[in-house]
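Notes follow once the structure below has been shown.
Note that the structure is predicted; figures quoted are calculated from it, not measured. Order of appearance sets the numbers: ligands from 1, and atoms from 1 within every ligand.
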Amino acid sequence: MEKLLANQVALVTGGSSGIGSGVAKALADAGAAVVVNYHSHAEEAEQVCAEIEKAGGAALAVQADVANTMQVENMFAASRARFGSVDIVVANSGVQKDNAFADMTLDDWQQVLATNLTGQFLTAQAAVKEFRRRGPTTTSKALGKIICMSSVHEVIPWAGHVNYAASKGGIQMLMKSLAQEVAPERIRVNSIAPGAIRTPINKDAWDTEAALKKLLKLIPYGRVGEADDVGKAAVWLASDESDYVVGTTLFVDGGMTLYPGFADNG
Ligand code: NAI
Ligand code: BGC
């Protein structure tokens with residue numbers, strides 16, 4: 001059977017770790033060649049590429065800081081040089097720098113907004129330009145697909161994390177406004193909003209029994225998510241199976257946004 005993303009090229013920012021590596025591997029498994037972006041850990045990105053190649057896929061590791069215009073442009077140029085173009089772009093890179101509001105430094109605020117929000121702006125902008133340059137293909141109904149990695153915190157307020165929650169709230173309207181602007185060109189822009197997924201970013205929330213018990217109270221479905229849960233959603237959103245899905249946020253959260261505190265209260 002033909003794979004869903006056969007003959008397509010995907011670029012995943014922050015593809016070297018956590019959710020990004022799960023997404024990169026799932027897209028490769030569905031037939032896409034994958035550009036695995038990393039910021040500072042080349043060996044992790046090379047490891048993801050090696051796993052993809054071992055499974056019969058094609059992958060390329062490319063270093064870039066997503067908050068730097070020139071580096072983002074170079075990343076797309078590297079993708080063009082190796083694979084000709086790109087069809088699917090997953091703007092996934094993100095960081096947390098948590099602190100109580102009054103103690104949060106301007107640097108903590110700016111770094112999180114730079115990576116999480118400006119990084120998605122620059123990545124999506126380079127993607128739109130590349131889709132237009134390349135023109136239509138026969139491999140997908142859309143001219144291109146952009147998936148923004150948001151979070152349940154695009155809607156759930158998060159004390160002690162105002163920089164992070166503001167960045168994800170920003171992604172919600174960046175995604176929707178961009179989707180409205182480029183849909184007439186048949187560029188599909190959507191978001192995935194994961195709940196708690198087991199990755200390095202939230203290790204403190206799941207790596208002890210006490211922390212895990214507390215976290216599970218927020219997840220009606222009763223388990224922490226895995227990177228592959230997000231990977232499978234990304235494959236669907238990137239494929240023609242979701243061709244009529246435009247400007248929407250797909251929550252992959254085990255029910256975290258169902259206000260679980262109200263289950264026996266209110
Ligand atoms: P992670 O820490 O494993 O991955 C973050 C990735 O972003 C890494 O690959 C890192 O190299 C990359 N990155 C950081 N700064 C960068 C920069 N300046 N330029 C390029 N890449 C950079 O964490 P995780 O969980 O995999 O996070 C991935 C995305 O998923 C983030 O946007 C995060 O906000 C989002 N997310 C994570 C959830 C979770 O529970 N793990 C839930 C909801 C959203
Ligand atoms: C955060 C994680 C957190 C999850 C659920 C994500 O956006 O990065 O640290 O566990 O949301 O609250």
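Looking only at atom types and distance, the side chain of E154 has a donor-acceptor partner in the side chain of T249 under 3.5 Å away. For the residue pair N190 / T248, no side-chain donor-acceptor distance below 3.5 Å is found, with atom types taken as modelled. Side chain to side chain, S93 and T13 meet the donor-acceptor criterion of an N or O pair below 3.5 Å. Side-chain atoms of Q120 and N116 form no donor-acceptor pair, as typed in the model, at a separation below 3.5 Å.
Considering only residues two or more places apart in sequence or on other chains, K214 meets the salt bridge (charged side-chain N to carboxylate O under 4.0 Å, His left out) condition with none of them.
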Using the side-chain contact (heavy atoms from CB on, under 4.5 Å) rule, take V62 and V36 through it: C-alpha gap first, then chi angles, then the decisive distance, then the call. CA-CA 6 Å; V62 180; V36 178; over 6 Å; no
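Interface of S151 with ligand 2, defined as ligand atoms under 4.0 Å from a residue heavy atom, comprises 6 (C), 7 (O), 11 (O). Ligand-side atoms of ligand 2 in range of I201: 8 (O), range being under 4.0 angstrom from any heavy atom. Of all atoms in ligand 2, numbered sequentially from 1 with element shown, those under 4.0 Å from a heavy atom of M256 are 5 (C).
The backbone N or O of E185 lies less than 3.5 Å from no partner atom in the side chain of R132, so there is not a single donor-acceptor pair.
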Considering only N or O atoms, set out every pair between ligand 1 and the protein closer than 3.5 Å, with distances to one decimal place.
residue  : atom   : partner : partner atom : Å
ligand 1 : 3 (O)  : S17     : OG           : 2.5
ligand 1 : 7 (O)  : G94     : N            : 3.4
ligand 1 : 9 (O)  : G14     : O            : 3.1
ligand 1 : 9 (O)  : S16     : OG           : 3.3
ligand 1 : 18 (N) : D65     : OD1          : 2.9
ligand 1 : 19 (N) : V66     : N            : 3.0
ligand 1 : 21 (N) : S93     : OG           : 2.8
ligand 1 : 25 (O) : T199    : OG1          : 2.6
ligand 1 : 26 (O) : I19     : N            : 2.7
ligand 1 : 32 (O) : N92     : O            : 2.7
ligand 1 : 32 (O) : K168    : NZ           : 3.0
ligand 1 : 34 (O) : Y164    : OH           : 2.5
ligand 1 : 34 (O) : K168    : NZ           : 2.9
ligand 1 : 40 (O) : G195    : O            : 3.1
ligand 1 : 40 (O) : I197    : N            : 2.8
ligand 1 : 40 (O) : I197    : O            : 3.3
ligand 1 : 40 (O) : N202    : ND2          : 3.1
ligand 1 : 41 (N) : I197    : O            : 3.1
ligand 1 : 41 (N) : T199    : OG1          : 3.1

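Checking only distances, W158 never comes within under 3.5 Å of ligand 2, N or O to N or O.
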